[in-house]
Amino acid sequence: MTQVDAPIGIFDSGFGGLTVARAVVDLLPNEDIVYLGDTARTPYGPRSIAQVREYTLQCLDALVERGVKALVIACNTGSSAALRDARERYSLPIIDVILPAAGRALMTTRNAHIGVVCTEATATSRAYNDALGAAPVTLTTAVAPKFVEFVEAGVTTGEEVLALASEYLAPLKAAEVDTLILGCTHYPLLSGVIGYVMGESVALVSSADECARAAFATLTRLDLLRKSPHNAERVFLTTGDPARFEGLGQRLMGGFVQGVAQVNV
Ligand code: DGL
């Protein structure tokens with residue numbers, strides 16, 4: 001297999017990265033993908049940065065062993081802990097979620113008040129502060145510890161999740177952010193409730209959509225895209241229960257999640 005014909009590897013701690021995978025499939029329908037969700041060890045958000053780094057590199061190693069042509073770290077938490085190490089470790093293009101989302105937020109804000117809602121580990125790493133660098137904006141960060149558990153349980157609407165969102169997002173409303181980065185790839189699945197709580201005047205930036213655009217741009221620039229139409233092969237791997245992954249994946253994401261297999265990393 002030539003490098004161009006190799007699949008794109010996509011990694012997340014669980015289901016959330018499927019929001020990136022779906023966006024990648026929309027933009028790059030000819031490309032084979034191998035998705036790996038570390039559902040046996042999700043959530044990563046409450047773990048230490050060192051542990052998230054270790055788990056992330058184990059999962060990326062597993063994708064590299066499958067001969068991928070590029071790595072998409074479809075996990076803000078994994079990216080904030082391991083992006084630098086990954087860039088040193090692999091001689092492959094690596095696309096992350098944080099830089100593209102921060103860039104889009106900078107281009108979107110009108111009042112220079114940007115918010116990010118993310119996991120505890122992403123907040124601790126200050127990766128979004130670093131990504132926004134010296135730009136003349138203020139960044140307000142809110143953590144949403146239980147959002148990932150709700151998504152992993154397939155619950156994205158209802159009173160409980162609405163009450164949680166109102167609580168978690170209150171500091172962002174108080175800071176009058178006009179642009180909110182969904183700084184976890186699980187959160188696009190909660191954009192109904194997050195958008196409702198923040199109100200119509202606040203623009204939501206999906207790190208998943210921005211990451212897919214960055215993947216398109218990177219692979220185009222490096223001339224790594226397949227040249228002709230192709231019935232793409234999409235492989236889904238989980239460290240957890242494949243039947244559960246497939247069931248929930250299909251319910252939340254539709255039919256493209258099929259033939260899920262279990263792997264150890
Ligand atoms: N989807 C992941 C992210 O983008 C993390 C979820 C977790 O495992 O806590 O940060």
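Whatever order the structure lists ligands and atoms in, that order sets their numbers, starting from 1.
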Audit row: Lys69, Glu31, salt bridge (Lys or Arg N to Asp or Glu O under 4.0 Å) steps and yes/no: CA-CA 11 Å; Lys69 65 181 171 188; Glu31 298 298 321; 2.5 Å; yes
Test ring-ring contact (aromatic ring centres under 6.0 Å, His included) applied to Tyr187 - qualifying residues, sequence neighbours left out: Phe147
Kindly write out the residues that satisfy ring-ring contact (aromatic ring centres under 6.0 Å, His included) with Tyr196, not counting sequence neighbours, or none if the list is empty. none
Only one of Val116, Val97, Leu190, Val117 clears side chain to side chain contact (heavy atoms under 4.5 Å, CB included) with Leu182; which? Val117
Once you restrict both partners to nitrogen or oxygen, which atoms of ligand 1 have a protein partner under 3.5 Å, and how far apart are they?
from, atom 1, to, atom 2, distance (Å)
ligand 1, 1 (N), Asp12, OD1, 3.0
ligand 1, 1 (N), Thr185, OG1, 2.9
ligand 1, 1 (N), His186, ND1, 2.7
ligand 1, 4 (O), Asn76, N, 2.7
ligand 1, 4 (O), Asn76, ND2, 3.1
ligand 1, 4 (O), Thr185, N, 2.8
ligand 1, 4 (O), Thr185, OG1, 3.3
ligand 1, 8 (O), Ser13, OG, 2.6
ligand 1, 8 (O), Thr42, OG1, 3.4
ligand 1, 8 (O), Tyr44, N, 2.6
ligand 1, 9 (O), Tyr44, N, 3.2
ligand 1, 9 (O), Gly45, N, 2.8
ligand 1, 10 (O), Asn76, N, 3.3
ligand 1, 10 (O), Thr77, N, 3.0
ligand 1, 10 (O), Thr77, OG1, 2.6

Who pairs with Ser79 by side chain to side chain donor-acceptor pair (under 3.5 Å), at least two apart in sequence or on another chain? Asp96
Ser206 and Thr19, any side-chain heavy atoms less than 4.5 Å apart: no
